[in-house]
Amino acid sequence: MELTADHIKTWMKKADKKFQDKKEYLTELDQAVGDGDHGVNMARGFSEVIKKIDQDYETPSDVLKDVAMTLMSKVGGAAGPLYGTAFLKLSTQVKGKDVIDFSNFVESLNAGVEGIKQRGKAESGEKTLLDVWVPLTESLKEQSDFDSQSLKDISESLMNKTKDIKATKGRASYLGDRSIGHLDPGSVSSFYLFEALAETIEGGQ
Ligand code: ADP
Ligand code: MG
């Protein structure tokens with residue numbers, strides 16, 4: 001399986017649907033450990049994304065670039081620039097390719113992780129979306145092809161593990177020990193993003 005520009009568009013449409021459906025839930029999660037805007041940020045950002053990418057594209061990189069630019073300009077808070085940077089790195093990493101094969105995908109995810117780390121001045125273990133992105137990328141490096149079930153299962157279990165982490169980055173870090181016991185909102189939105197990708201892969205072609 002290889003990802004085409006159309007697959008990226010499908011991925012984004014599926015992600016948008018999830019973020020609209022889960023807007024309230026993401027808001028509640030961010031009310032517990034932050035300022036309560038994560039649901040609105042993701043829902044608004046992705047509705048802008050799907051409006052923007054409703055056009056023909058030559059390569060996956062071109063779609064990913066428009067996704068990145070839209071998230072950076074339309075999403076407030078920490079999440080917009082972080083997801084925007086991640087998608088920009090994905091775009092750059094696969095520039096010029098007609099399709100993204102699995103090893104290209106893992107390389108681009110790795111570049112995305114580096115971008116988030118730089119932008120957020122963060123590492124994994126700090127109760128941020130990096131606690132999904134970093135170990136997921138490491139797991140995928142051990143795999144040889146797209147596997148939608150594994151992508152879902154790994155990202156879901158990483159999301160759940162953020163409950164036990166004490167936040168040392170982002171707004172949740174103001175809570176100190178009281179951040180323990182809550183899911184990290186950005187890790188939950190990252191799970192939806194990777195779940196949407198898994199469903200796109202299940203769609204095949
Ligand atoms: P804000 O924190 O500005 O209100 P959001 O609520 O949209 O922005 O996003 C919060 C999420 O962003 C957190 O749950 C966390 O996953 C992620 N995050 C916050 N700060 C950082 C950071 N410095 N590095 C990486 N991720 C971060
Ligand atoms: Mg917030």
Side-chain angles (χ1 to χ4, degrees), residues 12 15-50 52 67-90 108-139 151-152 154-197:
M12 292 302 114
D16 172 57
K17 173 109 193 358
K18 289 181 194 290
F19 291 132
Q20 304 311 325
D21 291 348
K22 304 292 184 181
K23 186 168 150 181
E24 302 297 320
Y25 174 57
L26 288 173
T27 295
E28 285 164 23
L29 292 175
D30 196 33
Q31 276 166 349
V33 293
D35 57 355
D37 62 350
H38 193 57
V40 174
N41 285 344
M42 298 308 288
R44 196 187 48 231
F46 276 79
S47 74
E48 294 290 340
V49 162
I50 57 158
K52 174 73 188 179
V67 172
M69 294 306 176
T70 306
L71 292 176
M72 283 187 195
S73 63
K74 305 282 183 187
V75 185
L82 292 167
Y83 277 113
T85 302
F87 276 100
L88 193 59
K89 295 285 182 180
L90 297 184
S108 67
L109 213 53
N110 201 58
V113 163
E114 292 308 314
I116 298 171
K117 284 184 178 174
Q118 263 176 23
R119 182 88 203 198
K121 298 186 174 52
E123 294 290 334
S124 57
E126 299 185 294
K127 199 182 184 92
T128 71
L129 41 78
L130 283 170
D131 290 308
V132 170
W133 284 70
V134 171
L136 173 66
T137 305
E138 293 310 309
S139 294
L151 186 56
K152 277 190 212 175
I154 295 171
S155 45
E156 186 170 17
S157 94
L158 292 169
M159 165 188 83
N160 286 322
K161 278 194 200 162
T162 65
K163 250 192 177 174
D164 305 327
I165 305 174
K166 174 179 165 179
T168 55
K169 274 278 145 56
R171 290 179 198 277
S173 65
Y174 308 151
L175 292 180
D177 285 340
R178 284 182 295 130
S179 65
I180 299 170
H182 297 283
L183 289 169
D184 168 54
S187 295
V188 178
S189 60
S190 294
F191 163 64
Y192 293 138
L193 186 68
F194 290 118
E195 189 185 40
L197 176 62

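Computed from a predicted model, the values in this text were never measured in an experiment. Just follow the structure's listing: the first ligand is 1, and inside any ligand the first atom is 1.
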#### Entry: Shortest non-hydrogen contact from S47 toward R44
OG-O, 3.1 Å
### Query
At their closest point, which heavy atom of S173 faces which heavy atom of G170, and how far apart are they?
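Between these two residues, the closest heavy atoms are OG-O, 2.6 Å.
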### Task
Would you indicate whether K52, at its atom NZ, is surrounded by more than 12 heavy atoms from other residues, nucleotides or ligands within a distance under 6.0 Å?
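Not buried by this count: 12 neighbours or fewer within 6.0 Å.
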### Task
Verify the neighbour count for atom NZ of K152: are there more than 12 heavy atoms of other residues, nucleotides or ligands below 6.0 Å?
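Yes, because the 6.0 Å sphere around NZ of K152 holds more than 12 heavy atoms from other groups.
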Just the distances, no angles: every ligand 1 N or O to protein N or O pair closer than 3.5 Å, one line each.
residue	atom	partner	partner atom	Å
ligand 1	3 (O)	A78	N	2.8
ligand 1	4 (O)	D35	OD1	2.9
ligand 1	4 (O)	D35	OD2	3.1
ligand 1	4 (O)	D37	OD1	2.9
ligand 1	4 (O)	D37	OD2	3.4
ligand 1	4 (O)	R171	NE	3.1
ligand 1	6 (O)	D30	OD2	3.0
ligand 1	6 (O)	D37	OD1	2.9
ligand 1	7 (O)	H38	ND1	2.9
ligand 1	7 (O)	N41	ND2	2.8
ligand 1	8 (O)	A78	N	3.0
ligand 1	9 (O)	H38	ND1	3.2
ligand 1	14 (O)	D184	OD1	2.5
ligand 1	14 (O)	G186	N	2.9
ligand 1	16 (O)	L129	N	3.0
ligand 1	16 (O)	D184	OD1	3.2
ligand 1	16 (O)	D184	OD2	2.8
ligand 1	23 (N)	G120	O	2.9

### Task
Give me the protein N, O or S atoms that fall under 2.8 Å of the Mg ion (ligand 2), sorted by chain and residue number.
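Listed by chain and number, the atoms are D30 OD2, D35 OD1, D37 OD1.
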Please output the side-chain donor-acceptor pairs of residues 28-38 that fall under 3.5 Å, not counting sequence neighbours, one pair per line with the distance.
residue	atom	partner	partner atom	Å
D30	OD2	G36	N	3.0
D30	OD2	D37	N	2.9
D30	OD2	H38	N	3.2
D35	OD2	R171	NE	3.0
D35	OD2	R171	NH2	3.4
D37	OD2	N41	ND2	3.2
H38	NE2	S189	OG	2.8

### Query
Any ion pair linking D131 and K161 (charged N to carboxylate O, less than 4.0 Å)?
no
### Message
Salt bridge check, E195 against K18: does any charged N sit closer than 4.0 Å to a carboxylate O?
### Response
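Looking at E195 together with K18, the answer is yes, because their closest N to O distance falls below 4.0 Å.
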### Task
For Q20 and D16, test the side chains for any donor-to-acceptor distance below 3.5 angstrom and give the result as yes or no.
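Q20 vs D16: donor-acceptor pair found between side chains.
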### Task
Enumerate the residue pairs fulfilling ring pair (Phe, Tyr, Trp, His ring centres under 6.0 Å) with a member in residues 156-183, sequence neighbours excluded, ordered by first and then second residue.
none
